[in-house]
K.L.:
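After the structure tokens below, expect a handful of questions from me.
Here the structure is a predicted model, which is why all the values come from computation and not from measurement. Below, all heavy atoms of this structure are taken into account, side chains as well, without hydrogens, waters or symmetry copies.
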Amino acid sequence: MKFPTKIPNRKTKCKSAKTSNSSNLNESLDILRLDPSLSLPDTKIPQYQRAAADSVMVLLRELGRGYQALCSYNCREAINILTSLPPQHYNTGWVLTHIGRAYFELAEYTQAERLFSEVRRIESYRVEGMEIYSTTLWHLQKDVALSALSKDLTDMDKNCPEAWCVAGNCFSLQREHDIAIKFFQRAIQVDPGFAYAYTLLGHEFVLTEELDRALACFRNAIRVNNRHYNAWYGLGMIYYKQEKFNLAEIHFKKALSINPQSSVLLCHIGVVQHALKKSDAALETLNRAIGIDPKNPLCKFHRASILFANDKYKAALQELEELKQIVPKESLVYFLIGKVYKKLGQTHLALMNFSWAMDLDPKGANNQIKEAIDKRYLPEDEGETASQTAEVDDSQDSSIMTDADDTQLHTAESDDVL
């Protein structure tokens with residue numbers, strides 16, 4: 001009986017073929033290692049390609065350094081790095097947007113607006129960073145430009161949160177707070193992970209005195225981004241309004257740990273420390289703030305007020321005279337100068353400054369801060385008669401001050417950290 005011829009094992013054959021191929025490859029590699037001159041010609045990178053790769057890496061490194069500095073709120077360093085880029089890279093939307101953001105964080109709104117408007121000119125389709133541009137226009141009170149920006153962005157893309165934040169800021173500037181709230185809520189609906197929309201909504205609720213809802217908004221912003229220092233500031237401001245000064249100080253300091261270069265945050269910490277009877281610490285904190293931003297009128301005003309409360313009238317007067325050069329049309333400055341002269345017994349100079357304050361605020365727009373400043377900065381023995389402290393001329397004093405919930409100068413609002 002004949003048996004069929006045995007069929008060779010295919011698996012064995014394939015395995016042996018693979019083994020022989022790999023051994024040949026190893027032998028070839030060994031030969032190349034022994035004689036580098038035999039290496040393939042295309043493995044050598046031409047010199048021009050290497051130079052191009054190096055220049056790209058240098059560019060990316062500088063962009064990374066600038067972005068890192070901005071994220072760490074070293075804004076001056078970020079500006080210096082990004083402005084040193086070659087013109088073809090500097091004049092791009094991404095770079096100009098981040099430089100504008102740096103100026104915004106420094107509260108140099110005019111410079112920020114100039115850069116953002118250039119971004120709009122060269123990249124009109126860009127929406128990234130436009131929420132910051134809108135807040136810049138809000139601070140500069142440029143309602144026409146803000147309205148035009150809002151229309152352009154909402155027409156272009158109704159599904160991006162930046163467009164609705166811009167629209168909300170537009171109506172906030174017009175004091176249409178209910179409509180602004182609806183637009184900020186729409187921004188959150190479009191993108192629940194957009195922390196800045198929660199912060200803007202929280203500030204709007206603060207303006208409408210809905211503090212519980214504002215607290216919820218700021219906490220949501222922190223939940224989305226725990227390095228969003230604006231939300232920590234918002235919580236601190238609410239606790240300050242509620243006279244929970246210890247909690248306010250904790251939250252302001254948390255915001256400061258994220259953005260240590262903010263003179264506005266230092267200023268608010270100083271005010272809270274004074275409210276906690278830590279006047280020396282408050283003065284030291286305000287000195288730090290003025291060291292960062294020597295022309296910040298809000299810091300200088302509070303420092304003068306604390307010096308006045310501590311009976312250092314000469315130092316307070318010198319501070320106020322310097323402040324008068326920075327904000328020559330601010331009625332609160334003249335009001336406080338008048339109070340200093342009253343304490344120094346120079347009644348005629350006190351009356352003159354009270355009169356100037358009246359001339360700068362003839363409609364009495366500032367008719368409530370007086371009581372709050374008297375409460376906060378007068379010595380305790382005068383606290384009971386705070387509402388009658390202007391013995392020089394009660395009718396003048398009652399119309400000089402304005403709402404002191406934030407004790408802010410018109411020229412340097414506490415909303416600077418929006």
Side-chain angles (χ1 to χ4, degrees), residues 68-78 101-109 112 131-132 135-136 138-139 165 184 194-207 211-276 278 281-293 296 298-299 302-303 405-409 412-418:
Q68 182 187 36
L70 181 58
C71 290
S72 301
Y73 296 100
N74 295 320
C75 297
R76 292 292 178 196
E77 182 184 351
R101 174 67 184 266
Y103 278 117
F104 172 84
E105 296 292 352
L106 292 169
E108 297 182 18
Y109 301 121
E131 74 283 2
I132 303 298
T135 305
T136 301
W138 186 92
H139 282 293
C165 285
F184 291 138
F194 195 66
Y196 196 62
Y198 290 104
T199 300
L200 291 174
L201 180 60
H203 283 293
E204 212 63 28
F205 280 134
V206 170
L207 292 173
L211 299 185
D212 290 338
R213 299 179 75 179
L215 280 171
C217 290
F218 291 132
R219 286 168 180 159
N220 277 325
I222 293 168
R223 174 182 55 81
V224 172
N225 179 7
N226 63 1
R227 280 186 52 80
H228 192 59
Y229 80 91
N230 315 67
W232 291 104
Y233 160 80
L235 290 174
M237 184 52 66
I238 289 174
Y239 288 128
Y240 178 76
K241 284 175 174 288
Q242 296 173 342
E243 298 187 359
K244 298 176 181 178
F245 299 124
N246 285 314
L247 285 173
E249 185 180 17
I250 290 169
H251 286 82
F252 284 145
K253 285 186 173 179
K254 177 62 178 178
L256 186 68
S257 69
I258 298 169
N259 184 1
Q261 303 299 319
S262 173
S263 61
V264 176
L265 289 174
L266 282 168
C267 180
H268 282 83
I269 291 172
V271 173
V272 170
Q273 287 173 335
H274 180 70
L276 292 170
K278 303 176 184 176
L283 285 173
E284 184 179 345
T285 303
L286 289 170
N287 289 337
R288 283 177 57 200
I290 293 172
I292 293 173
D293 186 1
N296 187 323
L298 187 62
C299 297
H302 283 303
R303 186 165 72 174
D405 287 339
D406 298 329
T407 324
Q408 60 196 17
L409 294 179
E413 301 172 89
S414 64
D415 289 338
D416 279 350
V417 293
L418 276 175

K.L.:
Applying side-chain hydrogen bond (donor to acceptor under 3.5 Å, both in side chains), name anything that partners Arg288, two or more places apart in sequence or on another chain.
P.N.:
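Arg288 satisfies side-chain hydrogen bond (donor to acceptor under 3.5 Å, both in side chains) with no residue once adjacent residues are dropped.
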K.L.:
Go through the steps to decide whether Ser263 and Asn296 satisfy the test side-chain hydrogen bond (donor to acceptor under 3.5 Å, both in side chains), and finish with yes or no.
P.N.:
CA-CA 8 Å; Ser263 61; Asn296 187 323; 3.0 Å; yes
K.L.:
What residues, two or more places apart in sequence or in another chain, satisfy ring pair (Phe, Tyr, Trp, His ring centres under 6.0 Å) together with Phe218?
P.N.:
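His203.
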K.L.:
Just to verify, what does Asn220 make a side-chain hydrogen bond (donor to acceptor under 3.5 Å, both in side chains) with, not counting sequence neighbours?
P.N.:
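With sequence neighbours excluded, Asn220 shows a side-chain hydrogen bond (donor to acceptor under 3.5 Å, both in side chains) to Arg223, given in chain and number order.
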K.L.:
Tell me every residue that passes side chain to side chain contact (heavy atoms under 4.5 Å, CB included) with Ala102, counting only those two or more places apart in sequence or in another chain.
P.N.:
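Ala102 satisfies side chain to side chain contact (heavy atoms under 4.5 Å, CB included) with Leu70, Cys75, Ile79 once adjacent residues are dropped.
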K.L.:
Hey, can you tell me if Tyr239 and His251 have their rings parallel, tilted or perpendicular (30° and 60° cut-offs)?
P.N.:
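Aromatic pair Tyr239/His251 classed tilted.
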K.L.:
Report the C-alpha separation of Tyr240 and Val271 in whole Å, then their side-chain angles, then the decisive distance to 0.1 Å, and conclude whether the side-chain contact (heavy atoms from CB on, under 4.5 Å) test is met.
P.N.:
CA-CA 10 Å; Tyr240 178 76; Val271 173; 3.3 Å; yes
K.L.:
What residues, two or more places apart in sequence or in another chain, satisfy side-chain hydrogen bond (donor to acceptor under 3.5 Å, both in side chains) together with Glu131?
P.N.:
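For Glu131 there are no side-chain hydrogen bond (donor to acceptor under 3.5 Å, both in side chains) partners, ignoring immediate neighbours.
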K.L.:
Would you name the heavy atoms of Ala289 and Cys267 that are closest together and state the gap between them?
P.N.:
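That would be CB-N, 4.2 Å.
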K.L.:
Under the salt bridge (charged side-chain N to carboxylate O under 4.0 Å, His left out) test, which residues partner Arg219, sequence neighbours left out?
P.N.:
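Here no residue qualifies.
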K.L.:
Partners of Arg76 by salt bridge (charged side-chain N to carboxylate O under 4.0 Å, His left out), sequence neighbours excluded?
P.N.:
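Result, salt bridge (charged side-chain N to carboxylate O under 4.0 Å, His left out) vs Arg76: Glu108.
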K.L.:
State, to 0.1 Å, how close Ile258 and Asn226 come at their nearest heavy-atom pair, and which atoms those are.
P.N.:
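Result for this residue pair: CD1-O, 3.8 Å.
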K.L.:
Identify the two heavy atoms, one from Gly236 and one from Ala248, that lie closest to each other, and give their separation to 0.1 Å.
P.N.:
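In terms of heavy atoms, the two residues are closest at O-CB, 3.4 Å.
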K.L.:
State whether a side-chain donor-acceptor pair under 3.5 Å links Thr136 with Tyr103.
P.N.:
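Side chains of Thr136 and Tyr103: no pair found under 3.5 Å.
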K.L.:
Could you work out, with ring pair (Phe, Tyr, Trp, His ring centres under 6.0 Å) as the rule, every residue matching Phe194, not counting sequence neighbours?
P.N.:
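Per chain and number, Phe194 pairs via ring pair (Phe, Tyr, Trp, His ring centres under 6.0 Å) with no residue.
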K.L.:
Locate the shortest heavy-atom distance separating Leu266 from Thr285; write the atom from each residue and the value.
P.N.:
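Between these two residues, the closest heavy atoms are O-CG2, 3.1 Å.
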K.L.:
Got a second to check how far Leu286's CG is from Cys299's SG, nearest 0.5 Å?
P.N.:
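One finds 6.0 Å between CG of Leu286 and SG of Cys299.
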K.L.:
What is the minimum heavy-atom distance between Ala195 and His228, and which atoms define it?
P.N.:
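Shortest heavy-atom contact: O-NE2, 4.0 Å.
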K.L.:
Are more than 12 heavy atoms, taken from residues, nucleotides or ligands other than Glu284, located less than 6.0 Å from that residue's CD atom?
P.N.:
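Check fails, neighbour count at 12 or below.
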K.L.:
Tell me which pairs pass salt bridge (Lys or Arg N to Asp or Glu O under 4.0 Å) where either residue lies in residues 250-272, with sequence neighbours left out.
P.N.:
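Qualifying pairs, neighbours excluded: Glu249-Lys253.
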K.L.:
Rounded to the nearest 0.5 Å, what separates atom CZ in Phe245 from atom CD in Gln273?
P.N.:
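Phe245 atom CZ to Gln273 atom CD measures 12.5 Å (nearest 0.5 Å).
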K.L.:
Looking at CH2 of Trp232 and CG of Leu265, how far apart are the two atoms once the value is rounded to the nearest 0.5 Å?
P.N.:
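With rounding to 0.5 Å, CH2 (Trp232) is 13.0 Å from CG (Leu265).
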K.L.:
Leu235 and Leu215: which non-hydrogen atoms are nearest, and at how many Å?
P.N.:
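The pair with the smallest heavy-atom distance is CD2-CD2, 3.4 Å.
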K.L.:
If you round to the nearest 0.5 Å, how far is OG1 of Thr135 from CG of Leu200?
P.N.:
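So the gap between those two atoms works out to 5.0 Å.
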K.L.:
Can you list every pair that meets salt bridge (Lys or Arg N to Asp or Glu O under 4.0 Å) and has a residue in residues 226-238, with sequence neighbours left out?
P.N.:
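Applying salt bridge (Lys or Arg N to Asp or Glu O under 4.0 Å) to every pair that reaches into residues 226-238, excluding sequence neighbours, yields nothing.
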K.L.:
The criterion is side-chain hydrogen bond (donor to acceptor under 3.5 Å, both in side chains); which residues satisfy it with Asn287, sequence neighbours excluded?
P.N.:
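Expected list: Arg303.
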K.L.:
Parallel, tilted or perpendicular for Tyr233 and His268, by the 30°/60° rule?
P.N.:
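Ring orientation, 0 to 90° scale: perpendicular.
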K.L.:
State the OG-CZ distance between Ser262 and Phe252, to the nearest 0.5 angstrom.
P.N.:
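Result: 10.5 Å between the selected atoms.
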K.L.:
Return the NE2 to CD1 distance between His302 and Ile290, rounded to the nearest 0.5 Å.
P.N.:
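Between atom NE2 of His302 and atom CD1 of Ile290 there are 10.5 Å.
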K.L.:
Ring pair (Phe, Tyr, Trp, His ring centres under 6.0 Å) with Tyr73: which residues, sequence neighbours excluded?
P.N.:
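In terms of ring pair (Phe, Tyr, Trp, His ring centres under 6.0 Å), with neighbours along the sequence ignored, Tyr73 is linked to Tyr229.
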